There are 2 protein chains.
Amino acid sequence: MIQLLKDNYGNLFEKELLLEINGVGTFKTIPEGFTIIRPGSYTTSMPLIIEGAIKIIREDANGDELLLYFLEKGDTCAMTLSCCFGQHKSEIKAITETETTLIMIPIRKMEEWITKYYSWRNFVFESYHNRLLEAIETIDSIAFLNMDERLLKYLKNKTKINQNTIIKNTHQEIAYDLHTSRVVISRLLKKLENEGKIQLNRNSIEIISL
Amino acid sequence: MIQLLKDNYGNLFEKELLLEINGVGTFKTIPEGFTIIRPGSYTTSMPLIIEGAIKIIREDANGDELLLYFLEKGDTCAMTLSCCFGQHKSEIKAITETETTLIMIPIRKMEEWITKYYSWRNFVFESYHNRLLEAIETIDSIAFLNMDERLLKYLKNKTKINQNTIIKNTHQEIAYDLHTSRVVISRLLKKLENEGKIQLNRNSIEIISL
DNA sequence: TAGACTCTGTAACAAATGTTACTATACTTT
DNA sequence: AAAGTATAGTAACATTTGTTACAGAGTCTA
């Protein structure tokens with residue numbers, strides 16, 4: 001069995017299930033910045049993240065965008081889950097934030113395992129729960145926080161996800177994620193720099209202390 | 001078997017399951033404006049809505065509030081679902097919007113039925129899916145719409161849920177749901193009245209044409 | 001190296017939303 | 001009926017966020 005699978009899901013799933021996953025799952029490594037899922041698309045397999053991070057974005061009909069949350073290793077996409085179960089189409093866009101390694105599980109199997117393995121059932125429900133919580137967390141941020149606080153939270157989150165205190169993004173990219181304008185982000189970042197919390201450079205932001 | 005159960009879930013669940021629900025479920029009728037679930041609370045049973053409507057509200061530590069969505073007959077609370085499965089505590093507040101009749105299902109049974117009945121499994125997953133979609137819909141509204149559009153959407157939704165073109169609420173109550181101030185709501189409502197879309201009265205709003 | 005292009009900084013202004021304060025009216029209670 | 005309370009209307013103003021415009025600095029390419 002591939003070591004990566006064992007490392008990431010070994011304490012979550014029983015041995016038989018791990019063997020099944022290893023048998024029917026397809027391993028895939030996807031480069032950074034690749035769009036995995038688009039709004040309106042249907043999926044026939046479900047991804048388990050082994051390594052890396054995926055950015056889940058809401059995109060409406062006018063092309064307005066907003067970052068919903070990040071997925072990391074050990075996570076799966078709840079939207080894909082329910083798309084698989086119910087044959088619904090996707091309402092979100094998924095882009096690899098870093099290079100990402102996935103195991104793709106065919107729908108047929110994931111349905112079968114629901115009745116067969118308690119640990120799998122648990123994993124699926126936990127995933128739904130976590131995604132619902134993250135959606136609510138996003139709602140909290142947009143509804144209750146001002147843009148400066150949202151930006152701060154975003155920067156913290158980003159350093160955690162990328163395991164790096166240097167954030168390689170333009171102000172425009174950040175503005176898209178937070179659904180605001182570039183000028184607003186530049187303004188607030190400059191304020192953070194003046195407060196000594198970050199260091200601004202072209203195409204990147206170094207976090208000093210948030 | 002109670003007719004209401006058959007009427008609302010008859011085409012969703014098989015006969016055996018309906019009989020089981022009827023056997024172990026407890027029927028409850030709750031008056032309007034009653035708080036069913038509070039943030040931080042744990043639940044040991046899961047509600048199926050038979051009649052009426054429930055308002056699901058996010059409430060943060062500072063007491064800030066925001067309406068997430070309404071639940072109607074045929075719905076169940078996904079947050080409660082995952083609370084039951086995972087022993088998590090509630091992150092939301094649930095208040096009856098109208099008088100509501102529920103069937104309460106003990107956790108033990110709902111877990112057992114997951115493996116036993118395909119239709120139940122389906123129902124649970126569909127519920128999660130729908131709640132996730134509604135959370136995303138809420139995110140859309142807060143992120144992409146201005147307050148006047150959000151108010152309009154709110155009024156439309158409210159007439160649908162209550163089956164009544166007269167909305168019995170004060171401006172303050174609406175302001176809480178949309179997490180803004182009373183003055184803002186009064187201002188926008190007055191604008192809608194001037195446009196001939198609504199008629200304002202003390203403690204109530206009559207919808208003319210939205 | 002000249003020109004094109006991208007990214008950032010900044011000012012000036014516009015629009016949306018939030019706050020405070022005060023008034024009038026309707027309703028409730030004593 | 002008088003007093004108190006809740007609700008709504010409105011003005012004036014503050015704050016936050018969004019928009020437009022332009023300049024300068026870095027990067028890329030012919």
Side-chain angles (χ1 to χ4, degrees), chain A residues 33 60 62-67 138-155 158 166-208, chain B residues 33 60 62-67 138-155 158 166-208:
Chain A
D60 83 351
N62 307 328
D64 285 329
E65 286 192 7
L66 180 79
L67 171 67
T138 304
I139 289 173
D140 276 2
S141 297
I142 321 174
F144 303 145
L145 301 183
N146 283 348
M147 196 52 84
D148 54 346
E149 299 169 293
R150 287 178 59 200
L151 177 59
L152 220 77
K153 204 168 160 184
Y154 175 86
L155 294 175
K158 199 90 168 171
I166 294 174
I167 296 171
K168 291 197 182 64
N169 279 118
T170 65
H171 299 182
Q172 182 61 71
E173 288 168 334
I174 297 175
Y176 282 138
D177 280 351
L178 297 178
H179 191 253
T180 180
S181 80
R182 197 270 309 167
V183 180
V184 170
I185 295 297
S186 293
R187 187 153 66 204
L188 295 174
L189 282 175
K190 185 48 79 178
K191 208 179 95 199
L192 287 177
E193 188 177 45
N194 290 337
E195 291 167 0
K197 294 181 179 168
I198 58 175
Q199 160 83 45
L200 296 177
N201 300 301
R202 191 183 170 83
N203 291 316
S204 83
I205 300 165
E206 188 182 347
I207 306 301
I208 296 168
Chain B
D60 82 351
N62 306 328
D64 285 329
E65 286 193 7
L66 180 79
L67 171 68
T138 304
I139 290 174
D140 276 3
S141 297
I142 322 174
F144 304 146
L145 301 183
N146 283 348
M147 196 52 84
D148 55 347
E149 299 170 292
R150 286 178 59 200
L151 178 58
L152 220 76
K153 203 169 161 184
Y154 175 85
L155 294 175
K158 200 92 170 169
I166 294 174
I167 296 171
K168 291 197 183 66
N169 279 117
T170 65
H171 299 183
Q172 182 62 70
E173 288 168 335
I174 298 175
Y176 282 139
D177 280 353
L178 297 179
H179 191 253
T180 180
S181 80
R182 197 270 309 169
V183 180
V184 170
I185 295 298
S186 292
R187 187 152 68 204
L188 295 173
L189 283 174
K190 187 46 81 179
K191 207 180 94 197
L192 287 177
E193 187 177 46
N194 291 336
E195 291 167 359
K197 293 180 180 169
I198 60 175
Q199 159 84 47
L200 296 177
N201 300 299
R202 190 183 170 83
N203 290 315
S204 82
I205 300 165
E206 188 183 346
I207 305 301
I208 296 168

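Values reported hereafter were calculated over all heavy atoms of this structure, with side chains retained and with hydrogens, waters and symmetry mates removed. Residue numbering restarts at 1 for every chain, and letters A, B, ... go by the order of the sequence lines. Just so it is clear, the model here is predicted, and its values are computed rather than measured.
As rounded to whole Å, 15 Å separates atom P of D/dT16 from atom CG of A/Leu151. Atoms CG (B/Leu200) and C1' (C/dA26) sit 15 Å apart, rounded to a whole Å. A/Arg202 has its CZ atom 4 Å from the C1' atom of D/dG26, to the nearest Å. Atom CG in A/Asn201 sits about 12 Å away from atom C1' in C/dT8, given to the nearest Å. Atom CD in A/Glu149 sits about 16 Å away from atom P in D/dT15, given to the nearest Å. Regarding B/Leu178, its CG atom lies at a distance of 14 Å from the C1' atom of C/dG18, rounded to whole Å. Here C/dT8 presents its P atom at 15 Å from CG of A/Leu192, a figure rounded to the nearest Å.
Under the salt bridge (charged side-chain N to carboxylate O under 4.0 Å, His left out) criterion, A/Lys168 pairs with no residue at all, not counting sequence neighbours. A/Glu193 is linked by a salt bridge (charged side-chain N to carboxylate O under 4.0 Å, His left out) to A/Lys190, counting only residues two or more places apart in sequence or in another chain. With sequence neighbours excluded, the residues forming a side chain to side chain contact (heavy atoms under 4.5 Å, CB included) with A/Ile208 are A/Gln199, listed by chain and number. Residues satisfying the side chain to side chain contact (heavy atoms under 4.5 Å, CB included) criterion with A/Asn62, sequence neighbours excluded, are A/Asp60, A/Asp64. Residues satisfying the side chain to side chain contact (heavy atoms under 4.5 Å, CB included) criterion with A/Ser186, sequence neighbours excluded, are A/His171, A/Arg182. Checked against side-chain hydrogen bond (donor to acceptor under 3.5 Å, both in side chains), B/Asp177 has the following partners two or more places apart in sequence or in another chain: B/Lys55, B/Tyr154. Evaluation of the side chain to side chain contact (heavy atoms under 4.5 Å, CB included) rule for B/Ile167 yields B/Leu155, B/Lys158, B/Thr159, B/Asn169, B/Ile205, B/Ile207 as partners, not counting sequence neighbours.
Contacts of residues 167-175 of chain B with DNA chain C (heavy atom under 4.0 Å): none. A heavy atom lying under 4.0 Å from DNA chain D marks the following residues of residues 180-191 of chain A, by number: A/Thr180, A/Ser181, A/Val183, A/Val184, A/Arg187. Using a 4.0 Å cutoff on non-hydrogen atoms, the parts of residues 139-148 of chain B near DNA chain C are B/Asn146, B/Met147, ordered by number.
Among all heavy-atom pairs drawn from A/Leu67 and A/Thr138, the shortest one is O-CG2, 4.0 Å. Minimum heavy-atom separation, A/Arg150 to A/Leu178: NH2-O, 3.1 Å. In plain terms, the two heavy atoms of B/Leu189 and B/Ile198 that are nearest each other are O-CD1, 3.5 Å. Of all heavy-atom pairs between B/Ser181 and B/Ala175, the closest is C-CB, 3.6 Å.
Side chains of B/Glu149 and B/Asn146 form a contact here, defined as non-hydrogen atoms less than 4.5 Å apart.
Relative to the axis of its first five pairs, the axis of the last five pairs of the helix from C/dT1-D/dA30 to C/dT30-D/dA1 sits at 30°, rounded to 10 degrees.
For the ring pair (Phe, Tyr, Trp, His ring centres under 6.0 Å) condition, the pairs that include at least one residue of residues 179-207 of chain B, sequence neighbours left out, are A/Phe144-B/His179.
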